[in-house]
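Read through the structure below, which is laid out as structure tokens, and then see the notes.
Per chain, numbering begins at 1; letters A, B, ... match sequence-line order.
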Amino acid sequence: MPELPEVETIRRGLVKKILNKKIVHVQVYHHTSVGNVKTKFVQALTGNSIAAIERRGKLMVFQLKKGTKSVLAHLKMTGQLIYEREIKKRVELVAGGHKLSESDIENLPNKHTRVALVFSDGGQLFFNDMRIFGYMKLADAPVVAKVLQNFGPEPFSKAFTFFYFSLLFIKRSRALVKALLLNQELVAGLGNIYADEVCFCAGVRPMRRAGDVTKAEQKKLFDCIPKILKEALFHRGTTFRNFLDSSGRKGNYTDFLRVYDRDGEPCKKCGTIIKKTRVAGRGTHFCPTCQK
DNA sequence: GTGTTTGTTATCAA
DNA sequence: CTTGATAACAAACA
């Protein structure tokens, strides 16, 4: 589940790898992944290059150099954006005895590859997406602006203030804390993993009503959001199932998770067995002792 | 065959 | 119109 730390890890990797490189070939293996406009997609990208890569929440915006259009890339649940250098260099690396990850050795494209971009230096960017929820879609400036407008503040930005955050608990007093954290229009970038981790960090149960959360607890949640996300970003994200970064490497935050996917295991803080339940339609993990 | 996984959106009720 | 709850989507795996 690529959430803010995973998407940001990918974005930073891609900035180093593909920025301003000429796209010489575009292969679309699955037309719905590009919004059913395969021909337009190929035409807009071929001969063009990516001038900037921005991120808003879990959405990446690839700004094209020629023209005013951008490509909106959303990985949803199982999307990957993996860059590989030309085959020759990979063979040399293997011959040189360097350790490579599974996906470096794996042959791309594979059966889940939906789009491939080939650059003039021989590098290739593969968009893999097992479940086909994700997309790479062309969008002109007004559409991009409209889409970005629907996002709440970035947790690392100045716009994310405690004044704003605490107001949410009044305006959305009947919502569950978990639902509030997952709502991209309120706060951008949290998904199922980090919503649970933030709740543990703050000592608040995810199934509480926002209106019942005290100011002190709101403050803890507010402080925990950037804290947990920064921690995860430092470790290059969490690989629960599908996540790989732009080099095909797994995220290292998996070992640091306190509650997510740890049901039946002892709490790292108090030893109580972590429980799993369903909140806001999602699998939800919490420590019955540490979280009130 | 069944249940489960989740980001987002559609749909419905209040 | 707003808010909140829930189903649906899609593919793979235990």
Discussion item. Need to verify one output field. Residue with the more 5' nearest nucleotide on DNA chain B, A:N192 or A:Y135?
Written reply: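 Comparing both residues, the 5'-ward one is A:N192.
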
Fill in: First of A:F151 and A:F240 reached from the 5' end of DNA chain B, by closest nucleotide
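By nearest-heavy-atom nucleotide position, the 5'-most residue is A:F240.
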
Discussion item. Salt bridge check, A:E3 against A:K76: does any charged N sit closer than 4.0 Å to a carboxylate O?
Written reply: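 Answer for the salt bridge query: no.
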
Worksheet entry | Salt bridge flag under 4.0 Å for residues A:K220 and A:E217 |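 No, A:K220 and A:E217 are not salt-bridged.
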
Measure from [atom1] on [X] to [atom2] on [N] and round the result to the nearest Å.
X: A:K178; N: C:dT6; atom1: NZ; atom2: C1'; answer: 16 Å
X: A:Y194; N: B:dG7; atom1: OH; atom2: P; answer: 11 Å
X: A:K111; N: C:dA12; atom1: NZ; atom2: P; answer: 5 Å
X: A:L168; N: C:dT3; atom1: CG; atom2: P; answer: 11 Å
X: A:L75; N: B:dG7; atom1: CG; atom2: P; answer: 12 Å
X: A:Q80; N: B:dG7; atom1: CD; atom2: C1'; answer: 16 Å
X: A:E185; N: C:dG4; atom1: CD; atom2: P; answer: 12 Å
X: A:M77; N: B:dT4; atom1: CE; atom2: P; answer: 14 Å

Discussion item. Please determine whether any donor N or O and acceptor N or O are separated by less than 3.5 Å between the side chain of A:R172 and the base of C:dG4.
Written reply: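 Check fails, no donor-acceptor contact within cut-off.
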
Practice prompt. Can you check whether any acceptor in the base of B:dT8 is under 3.5 Å from a donor in the side chain of A:R282, or vice versa?
Written response: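 Indeed there is one.
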
Discussion item. Regarding A:K65 and A:N20, do their side chains bring together a donor and an acceptor under 3.5 Å, going by distance alone?
Written reply: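 A donor-acceptor contact under 3.5 Å links the two side chains.
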
Worksheet item: In terms of side-chain heavy atoms of A:R174, which of C:dG4, C:dA11, B:dG7 is nearest?
Response: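 Nearest to the side chain of A:R174 among the choices is C:dG4.
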
Item to complete: Please determine, for the side chain of A:L176, which listed nucleotide (B:dT6, B:dG7, C:dA5) has the closest atom?
Response: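 Among B:dT6, B:dG7, C:dA5, the one nearest the side chain of A:L176 is C:dA5.
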
Practice prompt. Take A:A175 and A:R114, find for each the nucleotide of DNA chain C with the closest heavy atom, and name the residue whose nucleotide sits nearer the 5' end.
Written response: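 In this pair, the answer is A:A175.
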
Discussion item. Would the pair A:C267 and A:C287 meet an SG-SG distance criterion of under 2.5 Å?
Written reply: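 Their SG atoms do not fall under 2.5 Å; no disulfide, then.
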
Discussion item. Parallel, tilted or perpendicular, judged at 30° and 60°: which one describes the rings of A:F169 and A:F165?
Written reply: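 It falls in the perpendicular class, over 60°.
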
Does a side-chain N or O from [X] land closer than 4.0 Å to OP1 or OP2 of [N], or not?
X: A:Q184; N: B:dT8; result: yes
X: A:K58; N: B:dT8; result: yes
X: A:R209; N: C:dT3; result: no

